[in-house]
There are 2 protein chains.
Amino acid sequence: MPREHNELDEKIRERNVRLIIKAGIEIFSRKGYDGTRIAEIAEASGLPKANVYYYFSSKEQIYTAIIGHLLDGWDNALKYITADREPAEAFRLYIRAKLDYTRKNIAETRLFASEIIQGARFLTKKDRQHIRDVTDKHVAVIEGWIAEGKILPVDPRHLFIMLWASTQFYAEFEPIAADGLKKTRLTVGDYEMAAKTIAETVLRGVLPHE
Amino acid sequence: MPREHNELDEKIRERNVRLIIKAGIEIFSRKGYDGTRIAEIAEASGLPKANVYYYFSSKEQIYTAIIGHLLDGWDNALKYITADREPAEAFRLYIRAKLDYTRKNIAETRLFASEIIQGARFLTKKDRQHIRDVTDKHVAVIEGWIAEGKILPVDPRHLFIMLWASTQFYAEFEPIAADGLKKTRLTVGDYEMAAKTIAETVLRGVLPHE
DNA sequence: TAGTAAGTTGACACTTTGGTCAGGTTTTGT
DNA sequence: ACAAAACCTGACCAAAGTGTCAACTTACTA
């Protein structure tokens with residue numbers, strides 16, 4: 001008789017899938033899609049290769065599962081720009097949240113960067129549409145602020161890209177960022193200083209007021 | 001008798017090496033080091049694989065040749081921050097030059113990003129030292145401006161990272177940048193708008209003066 | 001124009017890779 | 001205890017990968 005879906009089944013499956021995904025994130029982020037070998041993922045996850053194939057039917061399936069998992073984790077960090085906050089507060093919260101997310105999810109952040117650099121081959125139309133939708137919503141908020149005179153007129157989409165780029169950089173280019181800061185590794189303090197500098201610069205600029 | 005080094009030898013060798021490097025930049029930038037197959041480079045350069053091995057003895061040798069070639073091309077875009085310019089002018093020139101360089105050398109820019117994300121395995125100590133030295137020089141200039149009161153106190157290293165990140169983004173993440181701007185491809189105009197927005201934001205910020 | 005170096009290449013050797021499979025063991029509901 | 005489902009895995013395969021080589025052509029020098 002077919003067995004029912006039950007607790008322990010889920011536990012074994014969940015545990016192994018989690019191990020594979022975790023190892024996959026690490027290795028795909030370092031080697032890219034084409035550069036990653038399933039045997040490496042198997043080794044890193046502590047499972048034999050054939051067992052990896054028991055849970056995932058192909059390399060692509062592991063990869064797309066990770067991409068999906070990654071995009072899910074993002075909406076959280078991006079929710080701070082809402083019309084009911086004051087711009088200064090909203091920007092500060094956004095910058096801090098995004099840096100916090102990238103710091104705690106360095107491999108995922110790199111994996112996403114890797115995927116884009118390699119031509120966004122596995123981002124679905126739906127994924128991209130979702131990213132566009134979120135951007136549009138934030139752009140609308142910024143346009144509202146400009147209309148109310150709460151911030152100076154500025155292209156909201158380029159402004160957004162600027163924030164995105166600045167916050168991603170520390171995770172993606174950690175060795176370069178560390179070199180630039182004359183450190184060997186980045187600490188939480190470095191991320192805090194980054195948040196402060198980005199927020200200050202974007203809010204008031206570097207030129208003294210005349 | 002051994003033949004002298006002459007014009008035509010150089011021409012054949014130079015031409016083929018150039019074709020291989022060019023194809024290599026394109027493919028390494030898209031697939032990363034591990035993901036790139038020599039046969040692909042051979043095909044893209046129009047040479048048979050064995051001929052590629054006639055000029056380069058290994059995949060690694062092609063890759064490191066490209067990295068070296070790439071770093072050479074950089075110092076140009078980075079020379080605009082000098083103490084004898086006014087900060088506003090210097091930042092504007094730097095941002096414009098860097099964006100211009102990345103727009104015209106998209107594949108190289110991506111290749112560098114790819115190399116860093118993949119752990120900077122082929123950047124030599126010398127390469128990294130050079131990057132550090134250039135950064136230090138610019139940091140010193142910015143610190144000078146702060147001391148003179150020409151710009152507000154700000155962490156010069158994080159400010160630098162911000163500029164670096166913002167200008168790199170359009171080349172590295174072209175599909176995402178295009179999505180964010182509601183375009184299908186980025187045009188020269190988009191790069192100009194980016195330069196304007198980045199410069200304005202960094203110089204005067206987005207908040208109105210009280 | 002003969003001789004030598006440079007350039008070219010199809011075919012080959014060897015290794016690694018993604019993916020399969022047959023047959024095993026463990027877990028679980030009844 | 002038993003059967004059925006879920007799980008596990010060593011061994012295997014075809015395809016694709018890197019790098020080699022001997023034999024060939026082309027280019028140049030004296």
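Every chain is numbered from 1, with letters handed out A, B, ... down the list of sequences.
Using a 4.5 Å cut-off on side-chain heavy atoms (C-beta onward), A/Leu159 and A/Asp155 make no contact.
A tilted orientation is assigned to the rings of A/Tyr191 and A/Tyr170, their planes being inclined by 30° to 60°.
Whole-Å rounding puts the B/Asn51 CG to C/dA11 P distance at 16 Å. Between A/Asn16 atom CG and C/dT27 atom P there is a gap of 13 Å when expressed in whole angstrom units. The distance from atom CD1 of A/Ile20 to atom P of D/dT9 is 12 Å, rounded to the nearest whole Å. In this entry the distance linking OH of A/Tyr54 with C1' of D/dC7 reads 5 Å, nearest Å. Rounded to whole angstrom, the span from the CZ atom of B/Phe56 across to the P atom of C/dG7 amounts to 13 Å. Rounded to whole Å, the distance from CZ on A/Arg13 to C1' on C/dT27 is 14 Å. Separating the CD atom of A/Glu14 from the C1' atom of D/dA6 is a distance of 15 Å, rounded to the nearest angstrom.
Using a 3.5 Å distance cut-off with no hydrogens or angles, the side chains of A/Tyr63 and A/Glu115 do pair a donor with an acceptor.
Under a 4.0 Å N-O distance rule, the pair A/Glu174/A/Arg185 does not qualify as a salt bridge. Taking a cutoff of 4.0 Å between a charged side-chain nitrogen and a carboxylate oxygen, A/Glu192 and A/Arg96 do not qualify as a salt bridge.
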- prompt: With the sugar-phosphate defined as primed atoms, P, OP1 and OP2, and the base as all remaining atoms, what B/S/- string results for nucleotides 15-24 of chain D, 5' to 3', for protein heavy atoms under 4.0 Å?
  reply: --SBBBB---
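Within the nucleic acid shown, A/Tyr55 comes within 4.0 Å of sugar-phosphate atoms alone, with no base atom in reach, counting heavy atoms only.
Applying the side chain to side chain donor-acceptor pair (under 3.5 Å) criterion to A/Arg157, with sequence neighbours excluded, gives A/Asp136.
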